[in-house]
Amino acid sequence: MMKQRTQHLGVGVRIGIGFVVVLALMVTLSAIGLRYVAEANHRLKDIAQNNNVKTELATVMHSALRERALSMHTLPILTDPFEKDLEIQRFNAQGAIYIQARDRFERLPLNPKENQTLARIRKLTVEANPMVQAVVEMAVFTDNQTETFDRIRSVAMPRQRAISDQVSALLDLQREQTAAAVRNAEISYARVRNLMLGLGTAALLVGMTIGGFVSRRATRQARQLAAQAMYDPLTGLANRSLLHDRLEHEIERSRRARTSFGVVLMDLDRFKEVNDTLGHDVGDELLREVGRRLKETVRAQDTVARLGGDEYVVLVHGLTPDGVPAISNKLLAALDKPFHWQNQSIDIGASLGVSLYPSQCSDASGLLRCADIAMYVAKRSGKGYAVYAPEQAHTSRSDLSLKSELREAIQSDQLSLHYQPQIDHRSRCVIGVEALVRWNHPQRGFLAPDQFIPLAEDAGLIGPLTHWVLRTALKQLKALHRQGHALTMAVNLSARNLHDMELPASILALLAESGVAPKNLILEITESAVMANPSDGLTILTELDRMGVTLAIDDFGTGYSSLAYLKRLPVDELKIDKSFVTDMEENDNDAVIVRSTIDLAHNLGLKVTAEGVETQAAWDTLEILGCDCSQGYFMGRPMPADKLGAWLQESAWSRVGALDVC
Ligand code: C2E
Ligand code: MG
Ligand code: MG
């Protein structure tokens, strides 16, 4: 969640930066453009303010020169003194206009070329002025027209023309400069246009890139969100919400077509142990592999979903009550093949609960609830799968309330121990007892360990429960010792106890507290409990062995039977599972197993105890086979402490005060 938020923030920041870049680009673009436009404007203003004024002044100078030339030519022809006077005034006025224009020109900001031309004009004017004045005076005062014209043509006019040429040059200069300024302005405008175009295109490209990036990112995120919302990220299977969706569709379709379908809810049996022992990576890989196997097992139109943890659901299209065994067994078989990880094979079973539409439940949540209840029943019965039946609802729900009551039960002494005698074959005398826990539930009466030990494991209460059992059993053993019964006490450990690295220390403390010698305490661990957590299990068992506690493998023959591994365990004793012993008389296979287990144990230097001895015949057979010790209803049932006292007094298997005989 946190990661996702940071990711979104990152994208937001990047998009923000992108927009800032575009914005900055646009602002720069406008600023540069405006600067160029201002420059161009300035240049045009220069043209308007200076060149135009100069051109005008040069034109005025030029026409004044022309007017003066005209007056010079007119004066000799005029005879009327009055007219002559007028013409002289006009001649002088033009001279004044010329001078005025030239002076104004000179006051304007000038470039070197203009300065040079004006200097030439001034020089020519100064040179020409006395001669022109002399010619004009001659034209006024003499009547010799021919000579006057001669002087005009030969003296005044060339001078005037020279000045006029320079003024024309000045005019041309202005024209050239105006053309150059216009050209410059045009170049400036073109430059601005190109720059604006370039920057605009760049901004557009950046904008488009950002837009593309944003839209790509948004699409990808939308897709990711949709996938997250619908699929389990670990296995890629449908998640709970997609499953609900599919269930709703399936209900709708089946209602219209009047067909049925099934919901199979599955919970892995030993997943927690694998996860705790081999680590989450292996756990995750296992969950993925389970998903793959389930998908391979069902048809394409069926939905496989993972609800979280080690819970999977398969929506089986068109499933009828008759089809349940086949699909359940197929699914169980798919998970029956061991999973391999680093040369190690991991066995992981599953329990399935099946609910059917429309015969059992008619809505999506109901179907899942019913399948969950049935799964619980399957788990407890150990039969692999169970189909929902209304009467199960009560049992499973009560399991949930049991879980919460168990904690209270441990604290308020609702638990008690029953003790079952263990008889030595050679002496036919009781040599020890096994402590078996019972729960005296206020409403439900005595509950057997199978009914609440799995709940204690599930609820994380196995630690306190084992502690209570050990403490009570050791106290009882001490009391028995005080009464003169030299017995050992066997206590059962659960698989989960082998995850608790503090266990040896707490057992040591309990032994010290009770004053019982470690060798008189036998700890029973099932094979599968050790195999579920081989590394920690071995460490804990080694530590317990070092402390001098006796260790026994319980229910031998039902688990992994890895002899190679067994040899490495520091155990002292094997307990043959009662299922082989009780059927031994009728079933030859079981008899063979019992015989070979006894031989095997002896070869490994281990003591053998047989459980479930219910008949004299079984007792006799075991004796012939060389079994060291037996436990069973034939000799004594598990019994509370006070009854054990009486049994020890009266039983043929026990001779009080004759400990040396036993
Ligand atoms: P287990 O350790 O194998 O204990 C022997 C079980 O076999 C006991 O069942 C006992 O009553 C039963 N049994 C004894 N003799 C005979 C017989 O002749 N015939 C038959 N059919 N059964 C016989 P119980 O007391 O119901 O205990 C069941 C299992 O619960 C135990 O199997 C043990 O694994 C577990 N358990 C019992 N007490 C504790 C405990 O304090 N802690 C833990 N972790 N597990 C316990
Ligand atoms: Mg046992
Ligand atoms: Mg057993």
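Note that ligands are numbered from 1 as they come in the structure, with each ligand's atoms numbered from 1 the same way.
Residue E524 touches ligand 1 through its side chain alone, judged by heavy-atom distances below 4.0 Å. Only the side chain of R438 comes within 4.0 Å of ligand 1, judged by heavy-atom distances. With a 4.0 Å heavy-atom cut-off, ligand 1 is reached by the side chain of V469 but not by its N, CA, C or O.
Scanning both residues, G557 and F580, for their nearest heavy atoms gives O-CZ, 3.5 Å.
Checking L470, N497, D554 against atom 2 (O) of ligand 1, the nearest heavy atom belongs to D554. Counting only non-hydrogen atoms, the option in E611, E614, R496 that gets closest to atom 5 (C) of ligand 1 is E611. Nearest-heavy-atom check against atom 8 (C) of ligand 1 across L436, D555, T582 picks out L436. The closest non-hydrogen atom to atom 46 (C) of ligand 1, taken over N492, T472, V491, L465, comes from N492.
Counting only protein atoms, the N, O or S atoms lying less than 2.8 Å from the Mg ion (ligand 3) are D554 OD1, D555 OD1, E611 OE1, E611 OE2, ordered by chain and residue number.
The pair K337-E289 does not meet the salt-bridge criterion, since no charged nitrogen lies less than 4.0 angstrom from a carboxylate oxygen.
With a 4.5 Å cut-off on side-chain heavy atoms, Y388 and V354 do not count as touching.
E434 contributes atom OE2 as its closest N/O/S atom to the Mg ion (ligand 2).
Checked against the 6.0 Å centroid threshold, W619 and W653 count as a close aromatic pair.
Every residue meeting the side chain to side chain donor-acceptor pair (under 3.5 Å) condition with D267, not counting sequence neighbours, appears here in chain and number order: K379.
Looking only at atom types and distance, the side chain of D628 has no donor-acceptor partner in the side chain of T609 under 3.5 Å away.
In this structure, R637 is not positioned above the aromatic face of Y419 in the sense of NZ or CZ being under 6.0 Å from the six-membered ring centre and within 45° of the axis.
Proximity of E434 to ligand 1 is established by a heavy-atom distance of less than 4.0 Å.
With respect to D232, the salt bridge (Lys or Arg N to Asp or Glu O under 4.0 Å) criterion is satisfied by exactly one of R240, R306, R288: R306.
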